[in-house]
Enquirer: 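Here it is, the structure, as structure tokens.
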There are 2 protein chains.
Amino acid sequence: MPTKKKPQVTPTPERRRELLATAAEVFAAQGYNATTVRRIADEAGMLAGSLYYHFDSKESMIDEILSTFLDELWQGYDEVLAAGLGPRETIEALVTESFREIDRHRPAVAIYQKESKHLATQPRFAYLADSQTKFEKAWLGTLERGVTEGVFRDDLDIRLTYRFVRDTVWVAASWYRPGGHHSPEEIARQYLSMVLDGIALRT
Amino acid sequence: MPTKKKPQVTPTPERRRELLATAAEVFAAQGYNATTVRRIADEAGMLAGSLYYHFDSKESMIDEILSTFLDELWQGYDEVLAAGLGPRETIEALVTESFREIDRHRPAVAIYQKESKHLATQPRFAYLADSQTKFEKAWLGTLERGVTEGVFRDDLDIRLTYRFVRDTVWVAASWYRPGGHHSPEEIARQYLSMVLDGIALRT
DNA sequence: GCCGTTCCCTAACAAGTGTTTGGTAGGTTA
DNA sequence: TAACCTACCAAACACTTGTTAGGGAACGGC
């Protein structure tokens, strides 16, 4: 049995991550279907066929991009949900965590928003649908708990509220640019302020 | 000069609208680039080549879908903006009008959301960028007027507020289904209530 | 009956697509 | 030095794509 050794020039998994990062950037900008593997290879400074040394298909690229993102997302979410916070504090923590994920995985989030809906129908991407179910359970459950505990309004359609909060947070990935005026935490703070208290001046 | 006469079985412009409607539905569901003209033709009960009797390209289909939608949108918006309402009433009217447009042009709105960003770079779709500029001017201007008149909070980043309101409204097209539990007006009412007053219970 | 128009079909085209195969430069290991 | 592995290139493959050209059936007007 030959001894495992570290690669020589560029470590293999690092190169993989580099390529996935550029692929994600192009996917997010142009859309998955509109992106050719030649374009990705171009951006990475190589030829189309060479990509197939690292990945076995274009589909497996977006697969790895999305699953990596979701894994990290749920790592953060599960931590929040396990902390045993009150409903309002849970929502605050989830929103903050979400903006941190957008900061870290902006291209992946953008891809997820645009493509997950019709990708989820394919068996390979079943985990997208699973994640969405789990997502809804977490957020909707927290909102319902907040209503029964009297911290959230009870005169609103709760599912409408859920979609409202969910969308307001995640669409931010379409305009957010890392290194902008506000940090993820500051954006989260202002968004939470708007969602919880509204934009109208209280009289 | 031959006299113009009405077509015999199905009036031409009506058939055109039918085909555009099915095309819009497929574009919205699958994405523009992922949609083949054969798929559209299939859905319309004809063969791919036959579409080219009505339209001269796939691009001209999405072009007509989007421009038709934007024309009607601005018809409604301009009416609201010309009414001389106060800032809060203007926002309320714009949001309500937006949900009506989503109700009427749901596929077009969904397409606009997904594709306008990278379509706007092409000269043919320059009107998309123009519309977005006009859009921002109208909403942002109204919000700023509201802050100076003391009806909206002044402790928020106004551009963040703008994107917040804009996105919350228009993303609704991704889940909205006509004939659902709520009318567009009812959804607008609840959304406005959340945006203006927040979802937290006032103590 | 004939003509013209409308609307679609058949069949093909050229360009672009994701992917495969065989090869090879250059460093690492033995 | 020889064998080996990594990471890429060069060139082609089969297939799908948007689009076109020619034809024909159904119908109304004359």
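Every chain is numbered from 1 and lettered A, B, ... according to where its sequence line falls, protein lines coming before strand lines.
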Enquirer: Can you list the steps and then say if A:L94 with A:F135 is a side-chain contact (heavy atoms from CB on, under 4.5 Å)?
Expert: CA-CA 11 Å; A:L94 286 177; A:F135 195 92; over 6 Å; no

Enquirer: Taking the side chain of A:V37 as heavy atoms from C-beta outward, which of C:dT10, D:dC9, C:dT19 is closest to it?
Expert: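 Output: C:dT19.
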
Enquirer: Are B:Y176 and B:F99, when compared by the centres of their aromatic rings, separated by less than 6.0 Å?
Expert: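 Between B:F99 and B:Y176, which both carry aromatic rings, the centre distance is not below 6.0 Å.
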
Enquirer: Can you figure out which of C:dT19, D:dC8, D:dG18 approaches the side chain of B:K58 most closely?
Expert: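 Given the options C:dT19, D:dC8, D:dG18, the side chain of B:K58 is closest to D:dG18.
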
Enquirer: Take atom CD of A:E18 and atom P of D:dC8, then tell me their distance rounded to the nearest Å.
Expert: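 In whole Å, D:dC8 P lies 9 Å from A:E18 CD.
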
Enquirer: Hey, which sits more toward the 5' end of DNA chain D by its nearest nucleotide, B:A34 or A:L19?
Expert: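 Going by which nucleotide is closer to the 5' end, it is A:L19.
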
Enquirer: Thinking salt bridges, do A:K137 and A:E144 make one under a 4.0 Å N-O criterion?
Expert: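 Salt bridge: no.
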
Enquirer: Can you see if the side chain of A:R15 gets near the phosphate of D:dC8 - specifically, an N or O under 4.0 Å from OP1 or OP2?
Expert: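 Answer is yes, contact under 4.0 Å.
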
Enquirer: Measure from CG on B:D56 to P on D:dT20 and round the result to the nearest Å.
Expert: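 Rounding to the nearest Å, CG of B:D56 and P of D:dT20 are 8 Å apart.
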
Enquirer: Rounded to whole angstroms, how far apart are CG on A:L47 and P on C:dT19?
Expert: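 Whole-Å distance recorded here is 16 Å.
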
Enquirer: Give the rounded distance in Å between these two atoms: CE of A:M61 and C1' of C:dT19.
Expert: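 Going from CE in A:M61 over to C1' in C:dT19 covers 11 Å.
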
Enquirer: Between B:K134 (side chain) and B:W74 (backbone), is there a donor-acceptor pair under 3.5 Å?
Expert: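 It does not hold such a pair.
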
Enquirer: Taking for each residue the nucleotide of DNA chain D bearing the nearest heavy atom, is the 5' side occupied by A:A48 or by B:E59?
Expert: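 In this pair, the answer is A:A48.
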
Enquirer: How many whole angstroms separate atom CG of B:D42 from atom P of D:dT17?
Expert: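 That distance rounds to 12 Å.
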
Enquirer: Could you report the tightest heavy-atom contact between A:L85 and A:R145, atom names first, then the distance?
Expert: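 Residues A:L85 and A:R145, closest heavy atoms: O-NH2, 3.4 Å.
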
Enquirer: A:S50 near the nucleic acid: base, sugar-phosphate alone, or nothing, with a heavy-atom cut-off under 4.0 Å?
Expert: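 Result for A:S50 = base.
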
Enquirer: For the side chain of A:Y52, starting at C-beta, report the closest nucleotide among D:dA7, C:dT20, D:dT19.
Expert: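 Given the options D:dA7, C:dT20, D:dT19, the side chain of A:Y52 is closest to C:dT20.
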
Enquirer: Could you tell me how far apart B:R39 (CZ) and D:dT16 (P) are, to the nearest whole angstrom?
Expert: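 In whole Å, D:dT16 P lies 16 Å from B:R39 CZ.
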
Enquirer: Identify which nucleotide among C:dT19, C:dT17, D:dT19 has an atom closest to any side-chain atom of A:T36, counting heavy atoms from C-beta outward.
Expert: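 Among C:dT19, C:dT17, D:dT19, the one nearest the side chain of A:T36 is C:dT17.
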
Enquirer: Expressed as a whole number of angstroms, how long is the span from B:L51:CG to D:dT20:P?
Expert: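 Roughly 13 Å, once rounded to whole Å.
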
Enquirer: Classify A:T35 by what it touches in the nucleic acid, base, sugar-phosphate, or nothing, heavy-atom distance under 4.0 Å.
Expert: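 Sugar-phosphate, no base atom in range.
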
Enquirer: Of the candidate nucleotides C:dA12, C:dT10, C:dC8, which contains the atom at the shortest distance from the side chain of B:R38?
Expert: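 Of C:dA12, C:dT10, C:dC8, C:dA12 is nearest to the side chain of B:R38.
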
Enquirer: Kindly say if B:H54 contacts the phosphate of C:dC8, meaning a side-chain N or O under 4.0 Å from OP1 or OP2.
Expert: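 Looking at the OP1 and OP2 atoms of C:dC8, one of them is under 4.0 Å from a side-chain N or O of B:H54.
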
Enquirer: Please determine, for the side chain of B:Y53, which listed nucleotide (C:dA12, C:dG18, C:dC8) has the closest atom?
Expert: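 In terms of side-chain proximity for B:Y53, the closest of C:dA12, C:dG18, C:dC8 is C:dC8.
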
Enquirer: Using atom CD of B:E14 as one end and atom C1' of C:dC7 as the other, report the distance to the nearest whole Å.
Expert: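 About 15 Å, once rounded to whole Å.
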
